[in-house]
Amino acid sequence: MNIDGDTGKQRDEFYRRMDGQALLPLWEQLHTLVPRQPASDFIPALWRYSKLRPFLMEAGRLISAEEAVRRVLVLENPGKRGQAAITPSLYAGLQLILPGEIAPSHRHTQSALRFVVEGHGAYTSVDGERTRMAPGDFIITPSWTWHDHGNPSEAEGGEPVVWLDGLDIPTVRFFGACFAENYPESRQPVLRPEGNSNARYGANLLPVHHKSRSLTSPIFKYPYERTREALETLGNHADLDDWDGVKLRYVNPTTGGWAMPTIGACMQLLPRGFQGKTRRSTDATVFSVVEGHGKAVIGGETFDFAPRDIFVVPSWTSVSLHAGGEECVLFSYSDRPIQEALGLLRELHDPL
Ligand code: 1HN
């Protein structure tokens, strides 16, 4: 309908008057509130580890883990700064812990994953059990569990350790369900020997009387060695997915579902020279490169990647993955478990 100038003015004046009452005419917003397909300010981006690492080490000289509580550089989506978010629902940061340091114990309703990027020997304690970290290990801190991190002194062989933190911070914030508290001491007591949870839950066996009490996997470290071995065996068989090569998801052995209720994590292998087909999905995804050089074509833009680089694929943005002259291993996480649970997940292979 064509409107004359008079009607236009009347409407504007009407909108101004109701604006004072916190009222908004839906018809002016409908197309942005209910778009035909996902539209957001979040954009594809890649952080080069070689560029980022000096900042992390500088942070190591300027502030202690104890003072910082967590010495982390947050990876903010460049299209949406100021939100501490890499996707609308997820947070990403790189955490450094130096030899001899302790990151004090606390707990919060946000769930965290740790994906170890560099260095050996630092440990994290979760809910009374400690585990040591090595590159490629995937570690879970479930919602509302006490957790602290530490690193042996240099004399004891400690070295700087860096990991990627993936948290559901924007999701929990969205639901208004953020709670946190500090443990009265810097370290929580260790109640079980190292490896206890992996013996109970991570050996394709479960304690016979196990009753699931948590939505999160009771395994809290998935060591890289075992993940890598599975990928290697499958990759050699040439039974490849045209889009993803060999892609496995981290599983909660008590349910068969995702290892975490709000974050889905996967590891994949792209054989040497692999040229992945294009797909897109509604779960915006964060990737951490474990091994190999290759490229990701995201929304038509090419991002060359090297080991330890991090990149993000926004929702409903086309992506294809390509390995260079060596095989590539990629860790990734997204909010897929939430979208699946709510019946929102959509995927399209070979979009036009
Ligand atoms: C947190 O507790 C950790 O425990 C890391 O290592 C990053 C970011 C925001 C809020 C809590 C950790 C975090 C965090």
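Both ligands and their constituent atoms are indexed starting at 1 by order of listing.
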Engineer: Less than 4.0 Å between a side-chain N and a carboxylate O, is that true for Arg272 and Glu326?
Structural biologist: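 Between Arg272 and Glu326 there is no salt bridge, as every charged N stays at least 4.0 Å from the carboxylate O atoms.
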Engineer: Considering residues at least two apart in sequence or located in another chain, which fulfil the salt bridge (Lys or Arg N to Asp or Glu O under 4.0 Å) criterion with Arg228?
Structural biologist: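 Once residues adjacent in sequence are excluded, the partners of Arg228 under the salt bridge (Lys or Arg N to Asp or Glu O under 4.0 Å) criterion are Glu232, Glu291, Glu327.
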Engineer: Under a 4.0 Å threshold between the charged nitrogen and the carboxylate oxygen, would Arg114 count as salt-bridged to Asp137?
Structural biologist: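 The answer is no: the pair does not qualify as a salt bridge.
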Engineer: Please work out whether the ring planes of Phe331 and Phe115 are parallel, tilted or perpendicular, with thresholds of 30° and 60°.
Structural biologist: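 Aromatic pair Phe331/Phe115 classed parallel.
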Engineer: Can you name the residues that come within less than 4.0 Å of ligand 1, going by heavy atoms only?
Structural biologist: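 Answer by chain and number: Arg70, Tyr91, Gln95, His106, His108, Arg114, His147, His149, Asp165, Leu167, Ile169.
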Engineer: Using distance only, find each side-chain donor-acceptor pair of residues 283-290 under 3.5 Å and give its atom names and separation, not counting sequence neighbours.
Structural biologist:
residue: Asp283; atom: OD1; partner: Ser281; partner atom: OG; Å: 2.6
residue: Asp283; atom: OD1; partner: Arg336; partner atom: NH2; Å: 3.1
residue: Asp283; atom: OD2; partner: Ser334; partner atom: OG; Å: 2.6
residue: Asp283; atom: OD2; partner: Arg336; partner atom: NE; Å: 2.9
residue: Thr285; atom: OG1; partner: Asp283; partner atom: O; Å: 2.8

Engineer: Under a single-linkage rule joining Ile, Leu, Val, Met, Phe, Trp and Tyr whose side-chain heavy atoms are separated by less than 4.5 Å, which residues share a cluster with Val126?
Structural biologist: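 In the cluster with Val126 are Ile97, Val116, Met133, Ile139, Val161, Trp163, Phe220.
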